[in-house]
*Asks:* 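My questions all concern the structure below.
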Amino acid sequence: MNYFLRVLVVLFSLNTLHLMSQSDKVVLAIHGGAGTILKKNMTPEKEKAYHEKLTEALKAGYAVLQKGGTSLDAVEAAIVVMEDSPLFNAGKGSVFNSDGKNEMDAAIMDGSNLKAGAVAGVHTIKNPIKAARAVMEKSEHVMLIGDGAEKFAQEKKLEIVEPKYFYDEYRYQQYLKAKEQNKIEMDHTDSVKTKSKPDKHGTVGAVALDNFGNISAATSTGGMTNKKYGRVGDAPIIGAGTYANNNSCAVSCTGHGEYFIRAVVGHEIASLIEHKNLSVKEAAEKVILEKMVKMGGEGGVIVLDKKGNMAMPFNTEGMYRGYITSEGKVYTAIYKEGN
Ligand code: ASP
């Protein structure tokens, strides 16, 4: 083979390798909360239900991407599936605050232009993530709270429900127990069942990459059981629980919100990538497995960049999580060791 041909062959195989690794890229990753999620406290039925719901959420977001939809549409579609399920602490199934009410927070961010929208302390909007998106696209603001956010959602014709729609008996028992013990608890706690240390989290989040090469992030939560009325967690705070920037990554967090706010986790991970050239994995692990551990902040994160590199570290026993690749390969897991 002459020199010219050899060069062509090498170039061709390099390109094929590149395409192969490209086709394996992650296009959507989700979480459904982190915490002391132990196999011994789980029934096979519940385990199956979580895997199925995570898969449904991934497929809903993936279908949007397949049709040429944006990463914003994909994260919203995945979050809506989880908000509509009582398995997660977001939308239906949200935890109760110290007044025995459900007060929800949500945020969404577009990494292509840094536009963002958020709502906090809402209690009649069926899908808080849709309200967050409406704030981003149909107002001049980034965050609306409480009654103002509700009024805005009504004006924008979003679905409004009676507060009792969010009622879930198991969550209510969690609340009564927490109130009796004068504790503020993370969700997914088994303290009702097992009287174990209550330290689980149940927020939902999604990060996606679309065919245009843009990334987005979204997070939705009921917050923490028995939280003080009016308390706002990290999820709706841009740069803390939710962040997206094409130059670095898309991030969605779950965990003890106060710590995630103080450590500005989302933006911290993005800054390590953009300014220190850390990989997605290195940056996410540095913040969640080093910094947050030192601070005592429990939780986890999902991070995705525009090349489809993804990381999902957590410093708790488990985190409901999953991802789907550009070829449609689905992976879901609950425990530290996987599945
Ligand atoms: N981060 C949420 C909050 O503090 C709770 C969670 O992730 O479960 O509101």
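Both counts, for ligands and for their atoms, begin at 1 and track the order of listing. Nothing here was measured: the structure is a model prediction, and the numbers come from that model.
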*Asks:* By side-chain contact (heavy atoms from CB on, under 4.5 Å), which residues pair with E47, not counting sequence neighbours?
*Replies:* K39, M42, H51, I334, Y335
*Asks:* Can you label the angle between the Y172 ring and the Y167 ring as parallel, tilted or perpendicular, going by 30° and 60°?
*Replies:* tilted
*Asks:* D234 heavy atoms, cut-off 4.0 Å: which ligand 1 atoms fall inside?
*Replies:* 1 (N), 2 (C), 3 (C), 4 (O)
*Asks:* Looking at Y165, is K92 sitting on its ring face, NZ or CZ under 6.0 Å from the six-membered ring centre and within 45 degrees of the normal?
*Replies:* yes
*Asks:* Charged N to carboxylate O under 4.0 angstrom, K59 versus E56?
*Replies:* no
*Asks:* Considering only heavy atoms of T254, which atoms of ligand 1 have at least one such atom less than 4.0 Å away?
*Replies:* 6 (C), 7 (O), 8 (O)
*Asks:* Under a heavy-atom criterion of less than 4.0 Å, does R231 contact ligand 1?
*Replies:* yes
*Asks:* Taking a cutoff of less than 4.0 Å between a non-hydrogen atom of the residue and any ligand atom, is G255 in contact with ligand 1?
*Replies:* yes
*Asks:* Looking only at distance, does G257 have an N or O less than 3.5 Å from an N or O of ligand 1?
*Replies:* yes
*Asks:* Is the shortest side-chain heavy-atom distance between K46 and T43 below 4.5 Å?
*Replies:* yes
*Asks:* Of all the atoms in ligand 1, which lie at a distance below 4.0 Å from a heavy atom belonging to G223?
*Replies:* 5 (C), 9 (O)
*Asks:* Kindly say whether the aromatic ring centers of F88 and Y50 come within a distance under 6.0 Å.
*Replies:* yes
*Asks:* Can you list the atoms of ligand 1 that are under 4.0 Å from a heavy atom of T203?
*Replies:* 1 (N), 2 (C), 5 (C), 6 (C), 7 (O), 8 (O)
